[in-house]
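Below is one structure, written out as structure tokens; the observations come after it.
Computed from heavy atoms alone, side chains included, the values below leave out hydrogens, waters and symmetry copies. A, B, ... follow the sequence lines: proteins, then strands. Residue 1 opens every chain.
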Amino acid sequence: MKMNKPLFESIGSGVVLFLRALYFLPTLPRQFRRFIEQCFQIGYKTLPLVAILSFCIGAVLALQIGYSFRDWGTQQFIGSIVGLSMVRELGPVMTAIMVTGRVGSAITAELASMRVYQEVDALHTMNIPPERILVMPRLAAIAVTMPVLTITSVLFGWFGGAVVAQNVAFISLDSAIYFRSLKDFVDTAAVMDGLIKAEVFGIAVVLICCNVGLRTTGGPREIGFSVTRAVVASIIFILLLDYFITRALL
Amino acid sequence: MAIVSQESSQITVHEPVAVEVRNLCRSYGETQVLKDVSFQVEPGEIFVIMGPSGAGKSVLLKHIIGLERADSGEILIAGKDASSTKTHRDIRTGIVFQAGALFNSMTVYENLALYPTEHRLYDKETIRRKVMEALAIVSLEEAADKIPAELSGGMKKRVAVARALVIEPQLLLYDEPTSELDPILAATVAELIATVRKETNLTSIVVTHDTVLAKTIGNRVALLLDGRIHTIATPDELTRNDDPDIQDFLHPKIDLDNPRFRRS
């Protein structure tokens, strides 16, 4: 039980942080500049990375399925398999992991250094809650940008699959057939399931990274430890949540 | 250093407050840092808490500003509990941190404007005037658009003082304001603290191990040794006191043949 104390403390402080950030949500119009800045950092700057990686994932997925199906004559299903995999699973999960690596680590590093160098203390002494100007704008930004990033990921994954399916000799599947098969299987419910997942993952990642950053004490070495801890915790949390949300949505 | 007269000043002067520390105790693990600390600070006074490094001075300051909670005892600011957030909402308190604690991602102007903007105290133009006024007091108007990384150590200290002034505090705390500064800059900061007190009549508590600063600007000086208040006296009384601990702290003798760190 003693070993679990830091874990329970982290979960508890994360919940409190989330509730306090929600409490300050009505002040979002006053934090509009910070919110836009975070949308730019979290969304716009992550978009190219998400697009390139998702294109590659879709391409490799189509390649693997095409190779496995080459003797069975079922290659027309590549579109549906890539389509469903991207929209339900790979799109949300890979986007969340990329957000963790690119955005989450930066958030933890920034907030941890603010904590270590007493900037957070300075905010407290000015009666400016850190949740209001540091956490809430980031949570609002991820809530807005995560669906955009996920849709981008899904679309680029689909196109990656289509390019490979059409141009690799042992698959040679026409794009029209690929997308017709994809359309037959991917419905609005599947898209919504993926977006719900992505939204929950995004908020969880930003919350974990803010919480770990704001709980950092010590010096520069501890900032590095915090970044590692936040990234590892976020990825584990994404994968755990993925299972439970998938079960709930099936 | 340019000081703007009170008549033309944009910095609003609020009523100074009294501070009372009663039987404060604080431990970290097995180590007791503050041991039954008690003192009173009069409104408008510059009260200096002096002591060697590790005596508990900064911890005491964090308790007064409400960043730490005591194990026992209490601190009252104008009769209100200092550990309550509400007290610091009702009474404007500012602190100049040892390392400045400026917001590194903001410009100097944004650092100063943050408090009045977030608390919606004034319109934009008034905030601009007050910020430029505070920067003028510390002679740093030209640094308004710089970020803290572009400033020297002394400039950061002055910006930190200016940021505290924009809060228009009734109580201003300084944590080692002259540490890491050259003697000229340390003298400048000492003059700044005294002038700020004179022009705004706020209550100041200065934590330092700089004996020259303490004797020059303090109305009264408390000597904190090993977590306990050893003496509270005026600078003159302190200088005349022949207590060996006080004299050893004020005039430490460098003994190369018998160094302190080798004494049992």
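Remark: side-chain polar atoms of B:Arg89 are not paired, donor with acceptor, to backbone N or O of A:Asn127 under 3.5 angstrom.
Looking at A:Leu123, both its backbone and its side chain come within 4.5 Å of chain B, counting heavy atoms on both sides. Both the backbone and the side chain of B:Leu114 come within less than 4.5 Å of a heavy atom of chain A. Contacts of A:Met114 with chain B are made by side-chain atoms alone, with heavy-atom separations under 4.5 Å and no backbone atom involved.
In terms of heavy-atom proximity, A:Ala122 sits nearest to B:Ala101 at CB-O, 3.9 Å. Nearest heavy atom pair, residue B:Phe97 against residue A:Thr125, reads CZ-CG2, 4.1 Å. Minimum interatomic distance between A:Met126 and B:His119 (heavy atoms only, all atoms of both residues): O-NE2, 2.7 Å.
Contact annotation: the side chain of B:His88 never approaches that of A:His124 to less than 4.5 Å [non-hydrogen atoms, C-beta and beyond].
Counting heavy-atom neighbours within 6.0 Å of A:Phe159 CZ, excluding the residue itself, gives a total of 12 or less. Atom OH of B:Tyr115 sits in a crowded spot, with more than 12 heavy atoms from other residues, nucleotides or ligands closer than 6.0 Å. Crowding of B:Asp145 atom CG: a count of heavy atoms from other residues, nucleotides or ligands under 6.0 Å not exceeding 12. Enclosure of atom OH in B:Tyr109 by more than 12 non-hydrogen atoms of other residues, nucleotides or ligands within 6.0 angstrom is indicated. Applying the 6.0 Å contact sphere to OH of A:Tyr44 captures no more than 12 heavy atoms from other residues, nucleotides or ligands.
Your options are B:Asn104, B:Ile95, B:Thr93, and the one with the most heavy-atom pairs under 4.5 Å with chain A is B:Asn104.
The distance from atom CZ of A:Arg30 to atom CD of B:Glu118, rounded to the nearest 0.5 Å, is 5.5 Å. A distance of 8.5 Å separates CZ of A:Arg34 from OG of B:Ser105, quoted to the nearest 0.5 Å.
Between B:Arg163 and A:Glu119 there is no salt bridge, since none of the side-chain N atoms of the basic residue sits less than 4.0 Å from a carboxylate O of the acidic one.
Residues of residues 58-85 of chain B that come closer than 4.5 Å to chain A, counting heavy atoms only, are B:Lys62, B:Ile65, B:Leu67, B:Thr85, ordered by residue number.
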